[in-house]
Structures are given as structure tokens and as C-alpha cells.
**Student:** 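Sharing a structure with you now.
In what follows, residues are counted from 1 in the order of the sequence shown.
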Amino acid sequence: MKRDIVLLTLFIAFATAITGQNAHWEYQFSSSGNPVAPTSAVIVNSFGKIYLFQTDPVGIYVSIIDHSTMQPVAIDYELPSQGYDFLLEGGYGDFNGNIVVYGSVDLGGVPVPISGTYDVSSHAFTSYFLDNAHPNDHFINGCCGYDINGNGVNMLVLENAGQLVCVDWDHNSIDSLKITTLNGKISDVVWDTSHQRFAAAGYQESGLQQIFLLEVRYDVNSGFIVQNTLAWNLAGPSYSQGEYRTCLEVISDSEIIVGHCARTQQTDGVWLSVVNSYTTVTNSVFFDMPSQKLLLLDMKFDDTRNQLALLFEMLHSCGRVNIIAQVDPYSLSGMSAAEVRNNISPTPPCAYNPDPLYDNEIYLKKLELNYMPWSCARILASGVNKTGYFGQDDAFVTETYKIAYSQCDYVFSPMETGASYTYSTASCLNSYHNYVYPPVFSPIPNPGSLNGYWSCPDLMPCSKGVVESPKRLINEGNNVAKLESGIDGTLVFQNFSSVILYGVYNALGQLVLSGHTYNGNLRLDLPDAGFYIVKAEDNSGNFVIKKIIVTR
């Protein structure tokens with residue numbers, strides 16, 4: 001039966017659903033009776049859908065997670081051929097909505113770097129091994145981007161070798177970029193959309209406490225093109241090399257924030273620097289943390305809240321914990337941090353003065369953004385809980401809106417110290433060529449079952465907010481993005497840029513339909529007549545919210 005859509009601009013609150021502050025979920029996939037998830041990761045694809053990947057010695061398990069309830073809505077069971085044990089480090093969504101995962105695989109007792117692509121439409125999984133020139137290594141970071149000719153490419157980082165590698169799966173090979181002076185190692189890479197190039201960061205392995213930032217482009221014919229190299233270090237003898245890992249995030253059209261762990265005589269902390277146009281360090285701040293050893297695992301910029309999230313592993317006198325922190329990335333001020341806890345942490349807690357830190361055996365590795373609903377973006381961190389509810393190792397996900405509001409975890413404020421620095425530019429790069437093994441294609445058995453457990457209740461509200469007149473529209477005059485009604489029950493998207501992500505919510509604030517489209521008409525197949533909210537956003541920041549009434 002034909003249904004017509006009537007559009008109304010909305011200026012009132014439409015749903016005030018409650019969500020948790022550092023709410024935790026544990027999952028265990030069990031089709032073989034083996035409730036073990038030695039590695040897991042939550043990955044959000046380019047269309048905003050959330051996928052939970054788990055691995056065990058038998059296979060890889062993929063579950064679609066509802067962005068609102070954080071419960072599984074669909075499950076696929078992926079089995080890598082030849083019985084390889086995939087140790088998952090993380091992943092990212094590519095430009096086609098598919099997912100790239102990376103880590104290592106055990107080949108005869110020797111870990112070898114591996115990457116794989118999960119096709120979200122066909123559920124096919126294809127894995128690629130690096131050759132044995134890189135034993136005892138693994139991929140730790142990665143992203144997708146374009147080369148100078150507009151071809152899609154994938155960049156991955158080898159931790160021990162400290163190399164940036166561009167995977168060319170179509171030609172069964174990779175190129176490697178390595179710092180050849182100062183004992184430098186690359187440890188993170190991101191795609192800089194504004195400048196259509198990659199940004200890579202790393203650290204000097206010995207000697208001065210120095211980190212560097214690279215502006216990199218790629219040509220499938222000639223390899224890496226390094227356009228800027230900036231290196232800088234904290235001045236003075238009070239800082240020394242901390243635990244090795246450098247992370248970076250693009251926070252504006254011209255600014256990149258770089259993070260690295262540094263060490264003082266009293267404690268470890270994180271050293272954050274803002275770099276402008278790849279050429280100038282404009283601000284650096286050191287945050288003391290209550291830890292004898294601190295490892296920075298990941299950073300993620302939430303552009304809807306203008307906050308930078310950080311994930312740490314903290315080692316202290318009686319164990320280890322995971323820390324999630326949030327800070328203003330522009331002023332580098334006001335950092336709050338929380339130790340992620342579960343309900344069965346050892347008691348009494350480890351009393352490490354001045355902060356009571358648990359040794360709770362939660363092993364988080366990566367951060368992600370939950371993009372829907374857009375008006376209440378949240379930080380997701382994932383890994384495993386070694387003392388889990390369902391088995392020895394359970395997949396573990398924590399969802400954060402505002403660290404400072406958390407009533408589920410122990411919150412503290414790191415000590416903020418302004419840092420002076422010196423920097424220089426240098427060209428210290430070399431590239432060379434390697435090969436990958438042919439791909440391994442994985443069959444898909446029948447789906448299994450997934451259990452979920454919510455271990456931290458909703459204690460603090462995270463309102464979806466009052467929907468006001470859109471403030472994020474960047475076009476001017478007659479080119480302002482619009483969402484209008486069309487004939488025959490269609491919606492018309494006008495003056496957006498690139499791919500448009502949309503979500504449709506019912507009167508209860510529940511997501512009933514989502515997907516992507518382009519400028520033009522779209523027919524929505526809504527289940528019932530009634531009131532709905534349509535949200536649309538593109539990669540350029542154009543953002544429109546409309547209320548629709550569906551009539552039969």
C-alpha cells in the first residue's frame with residue numbers, strides 16, 4: 001500500500017533516552033563449546049554500523065551490534081582455513097563499507113603479520129600474510145586512503161620493524177617505508193582527508209625523547225612520497241623515554257595532535273603536542289599519571305563533542321589496568337581519566353597511593369566512535385576480560401559518553417604540566433619492496449550464538465538532546481544542504497557533499513532504518529504509519545535533522 005511522507009522542521013526534543021557512562025558489556029560466542037576469546041575488537045564501518053570481531057584457536061566470529069542497545073542483532077561465523085590462530089590487534093572500515101582487520105597469525109610457533117578483509121555484503125573473509133622476512137612481528141595500526149591518482153590503498157604499521165607498509169592486494173605486494181636514522185620507528189598512521197594524504201607518527205627508539213610526524217603521499221607506480229618531516233623533543237633533562245608507542249589524530253583542516261608516553265623521575269605520563277600544517281609545533285603539554293609505567297594504546301577524536309579520547313595500559317606495583325581519558329584537543333587542558341573496572345575485580349583493591357587501582361585483567365586495545373545517534377556520540381573501547389563472566393576470556397566492550405560523569409569506574413584528573421620543546425626538520429627515510437603470500441579464502445559455516453552481559457547499569461543520563469536549527473551546515477546561500485519531501489513517498493537530499501549517511505528513528509528514539517545515499521531521491525520502506533525522525537550527515541559536516549509523518 002502506498003505511503004506518503006510529510007516533512008516538518010523539528011525544533012523540539014524528540015527522545016531523551018538514557019545511556020550509560022562507561023557502561024560495560026561482555027560477550028562470548030560459542031558454537032564449538034569453547035568460550036574463549038583471546039582477542040576481540042569493535043570496528044565501525046564507513047556507514048556507521050558496529051561490528052564485534054572475536055577470535056579463538058578455531059576461527060573468527062563477527063557480530064553486528066545495535067548502536068543503541070549495544071546488543072547483537074546478527075551473527076556470522078568466519079573460519080580461517082588451515083586452522084590458523086588469528087591474534088587480532090584492530091581494524092578499520094574502508095571506503096566501500098567493508099572492514100579490514102589486522103594483527104598476526106601463528107605459523108609453526110612464529111607470529112607472522114596478517115591482514116584480512118571482511119565483505120559485509122557477502123560475508124566473505126580474505127586474509128593476506130606477509131612473507132617470512134618479518135617474523136615475530138604484527139600489524140598494530142592501519143587506515144585506508146587514496147594514492148595520488150585516486151586509487152584506494154591500505155596503510156598498515158608493523159610494530160617491531162617500525163615500518164609503514166602500503167598493501168597493494170591487487171598486485172599481491174606491499175611497499176615499506178622506514179626511518180633509517182635516529183633509530184626511528186613509525187607506530188601510527190591516519191588518513192588526512194582535508195589534504196588527501198597520510199599522516200604518520202613515530203619515535204626515536206633510543207637517546208633523546210624525540211617524536212616525529214610525516215606528511216606522506218603514495219603513488220602505486222613509484223611508491224612513497226614524503227613531503228614534510230618534523231621531529232621535536234621535550235627540552236630539559238627531567239624527561240626520558242617512556243614506553244614505546246606514538247599515536248596521532250587529525251583534529252582540524254590544519255592541525256594534528258600527536259601523543260607519546262614520557263617518563264620523569266617520579267612517574268610516567270602522556271606528552272601531547274599540536275602540530276600545525278606538518279611544520280610547526282604550536283603547543284605541548286605533559287600529563288602526569290599515577291603509574292610507574294604507562295603505555296599509550298590508541299587515540300580517537302570525537303568531532304561532535306570536540307574531545308580527544310585516549311586509551312592507556314597502566315602498569316603499577318601490583319598489576320595492570322586500562323585507563324580511558326578525555327581532553328580538550330585544542331587547548332590541551334582539562335584531562336579526566338577513568339580506570340575501567342568490572343564487578344569481579346579482586347578485593348580489596350590494590351592500594352597504590354594516591355589512587356586505589358585494581359588489577360582487574362581487562363585488556364583493551366582500540367577506540368572507536370559510535371556515530372549513531374549523531375546527537376550523542378560515544379566512545380567505544382574493546383578487548384577482552386581475562387576474568388570474564390562467560391569463560392576464561394570474554395570479549396569486553398566499554399561505552400563512554402563523558403569520563404568525568406562516570407559512576408561505574410574510578411575517575412581521576414592527571415596533573416597538567418606545560419612543556420617546552422625543540423624541533424627540527426630532517427629527511428631520514430627509505431623505502432623498499434616486499435611481497436605477500438597469496439590470499440587465503442575462508443569458508444563460512446552456519447551461524448552460531450552470541451551471549452551478552454551488561455555489567456554496569458545506567459547511572460548517568462546521556463540525553464539525545466534538544467534538536468535545534470542545524471548549526472553544522474557549512475554551505476552558504478542557496479547551496480545549504482536540504483532534506484525535503486518528494487512525490488510518491490520519497491525523500492529528496494539536496495546540496496550535500498559526497499556520501500550521505502542517514503538514520504531513521506521512531507517516536508521512541510529507536511533506530512528503524514539506516515544506510516547511505518547520494519544527492520537525489522530516496523524511497524524509504526518504513527514499517528508503519530506514524531512519526532519518525534530522519535538524520536542525514538555527509539563527510540563535509542553538513543548535518544540535517546527532520547521530522548516526518550508517514551501516512552497510508
**Student:** Under a 4.0 Å N-O cut-off, is there an ion pair linking E159 with R245?
**Tutor:** yes
**Student:** Just to verify, what does D253 make a side chain to side chain donor-acceptor pair (under 3.5 Å) with, not counting sequence neighbours?
**Tutor:** S194
**Student:** I'd like to check V216 versus V189 (side-chain heavy atoms, cut-off strictly below 4.5 Å). Are they in contact?
**Tutor:** no
**Student:** Determine whether V327 and F287 make a side-chain contact, defined as any pair of heavy atoms from C-beta on separated by less than 4.5 Å.
**Tutor:** yes
**Student:** Residues two or more places apart in sequence or in another chain: which of them pass side chain to side chain donor-acceptor pair (under 3.5 Å) with S121?
**Tutor:** none
**Student:** First locate atom CG of D298, then atom CG of L367, and finally report the distance between them rounded to the nearest 0.5 Å.
**Tutor:** 4.5 Å
**Student:** Minimum heavy-atom separation for F86 and G103, please, with both atom names.
**Tutor:** CE2-N, 4.0 Å
**Student:** Are the side chain of Q326 and the backbone N or O of I403 linked by a donor-acceptor pair below 3.5 Å?
**Tutor:** yes
**Student:** Looking at Y330 and N283, what are the two nearest heavy atoms and their distance?
**Tutor:** O-ND2, 4.2 Å
**Student:** Could you walk me through whether Y92 and N154 pass side chain to side chain donor-acceptor pair (under 3.5 Å), step by step?
**Tutor:** CA-CA 10 Å; Y92 56 89; N154 291 273; 2.6 Å; yes
**Student:** Would you find a donor on one side and an acceptor on the other, under 3.5 Å apart, between the side chain of S115 and the backbone of V101?
**Tutor:** yes
**Student:** Rounded to the nearest 0.5 Å, what separation is found between the CG atom of D303 and the CG atom of L369?
**Tutor:** 7.5 Å
**Student:** Determine, step by step, whether I323 and F412 satisfy the side chain to side chain contact (heavy atoms under 4.5 Å, CB included) criterion, reporting the C-alpha distance in whole Å, the side-chain angles of both residues, the deciding distance to 0.1 Å, and the verdict.
**Tutor:** CA-CA 10 Å; I323 300 292; F412 59 96; 3.9 Å; yes
**Student:** If you compare all heavy atoms of I140 against all heavy atoms of K366, which two are closest, and at what distance to 0.1 Å?
**Tutor:** O-NZ, 3.0 Å
**Student:** Is there side-chain contact between D188 and V157, with heavy atoms separated by less than 4.5 Å?
**Tutor:** no
**Student:** Output, in order, the C-alpha distance, side-chain angles, deciding distance and verdict of side chain to side chain contact (heavy atoms under 4.5 Å, CB included) for V42 and I65.
**Tutor:** CA-CA 9 Å; V42 160; I65 303 297; 5.6 Å; no
**Student:** Quick one: does D137's side chain have a donor or acceptor within less than 3.5 Å of a partner on A161's backbone?
**Tutor:** yes
**Student:** List in chain and number order the residues that pass side chain to side chain donor-acceptor pair (under 3.5 Å) with N151, two or more places apart in sequence or in another chain; answer none if no residue qualifies.
**Tutor:** D147
**Student:** Quick check against the 3.5 Å criterion: does S104 have a side-chain atom that pairs as donor or acceptor with the backbone of H138?
**Tutor:** no
**Student:** Are any non-hydrogen side-chain atoms of F53 and T39 less than 4.5 angstrom apart?
**Tutor:** no
**Student:** If I take atom CD from residue E255 and atom CG from residue N276, how far apart are they, to the nearest 0.5 angstrom?
**Tutor:** 5.5 Å
**Student:** Quick one: closest heavy-atom pair of A201 and V258, and the distance?
**Tutor:** CB-CG1, 4.2 Å
**Student:** Working note: F396 + W25, criterion ring pair (Phe, Tyr, Trp, His ring centres under 6.0 Å); need CA distance, chi angles, decisive distance, verdict.
**Tutor:** CA-CA 6 Å; F396 188 90; W25 285 263; 9.4 Å; no
**Student:** Any donor and acceptor pair, going by atom type alone, linking the side chain of T398 with main-chain N or O of A381 inside 3.5 Å?
**Tutor:** no
**Student:** Is a side-chain N or O of N45 found less than 3.5 angstrom from the main chain of N98, in a donor-acceptor match?
**Tutor:** no
**Student:** Please answer whether the main-chain N or O of G383 pairs with a side-chain N or O of S40 as donor and acceptor at a distance below 3.5 Å.
**Tutor:** yes
**Student:** Once the angle between the rings of Y118 and H123 is folded into 0 to 90°, is it parallel (under 30°), tilted (30 to 60°) or perpendicular (over 60°)?
**Tutor:** tilted
**Student:** Just by modelled atom types, is the S187 backbone N or O under 3.5 Å from a matching donor or acceptor in the N141 side chain?
**Tutor:** yes
**Student:** Would you please name every residue forming a side-chain contact (heavy atoms from CB on, under 4.5 Å) with V190, sequence neighbours left out?
**Tutor:** A199, L248, E249, V250
**Student:** Quick one: does L230's side chain get under 4.5 Å of Y278's, heavy atoms only?
**Tutor:** no
**Student:** Going from CH2 on W232 to CH2 on W271, what distance comes out if it is rounded to the nearest 0.5 angstrom?
**Tutor:** 7.0 Å
**Student:** Checking S413 now: which residues fulfil side-chain contact (heavy atoms from CB on, under 4.5 Å) with it, not counting sequence neighbours?
**Tutor:** S336
**Student:** Quick one: are V165 and F139 in side-chain contact, heavy atoms under 4.5 Å?
**Tutor:** yes
**Student:** Just how far is it from atom CD1 of I186 to atom CG of L164, taken to the nearest 0.5 Å?
**Tutor:** 5.0 Å
**Student:** Hey, are the side chains of K49 and V120 touching, using non-hydrogen atoms and a 4.5 Å cut-off?
**Tutor:** no
**Student:** To the nearest 0.5 Å, tell me how far D394 CG sits from Q54 CD.
**Tutor:** 8.0 Å
**Student:** Of all the heavy-atom pairs spanning L364 and L297, show the shortest one and how long it is.
**Tutor:** O-CD1, 3.1 Å
**Student:** Side chain to side chain contact (heavy atoms under 4.5 Å, CB included) between L272 and M335: does it pass, once the steps are laid out?
**Tutor:** CA-CA 11 Å; L272 299 178; M335 179 182 287; 4.1 Å; yes
**Student:** Do Y51 and E368 pass the side chain to side chain contact (heavy atoms under 4.5 Å, CB included) test, and can you show the C-alpha distance, the side-chain angles, and the key distance before you say yes or no?
**Tutor:** CA-CA 11 Å; Y51 294 81; E368 276 284 13; over 6 Å; no
**Student:** Which pairs count as salt bridge (Lys or Arg N to Asp or Glu O under 4.0 Å) when at least one residue sits in residues 189-200, sequence neighbours excluded?
**Tutor:** R197-E215
**Student:** Checking D94 side chain against V100 main chain: does a donor-acceptor pair fall under 3.5 Å?
**Tutor:** no
**Student:** Looking only at atom types and distance, does a side-chain atom of S46 sit under 3.5 Å from a main-chain N or O of G97, one as donor and one as acceptor?
**Tutor:** yes
**Student:** Could you tell me which non-hydrogen atom of G93 sits nearest to which non-hydrogen atom of C144, and how far apart they are?
**Tutor:** O-SG, 3.6 Å
**Student:** Taking the side chain as every heavy atom from C-beta outward, state whether P111 and L87 have any pair of such atoms under 4.5 Å apart.
**Tutor:** no
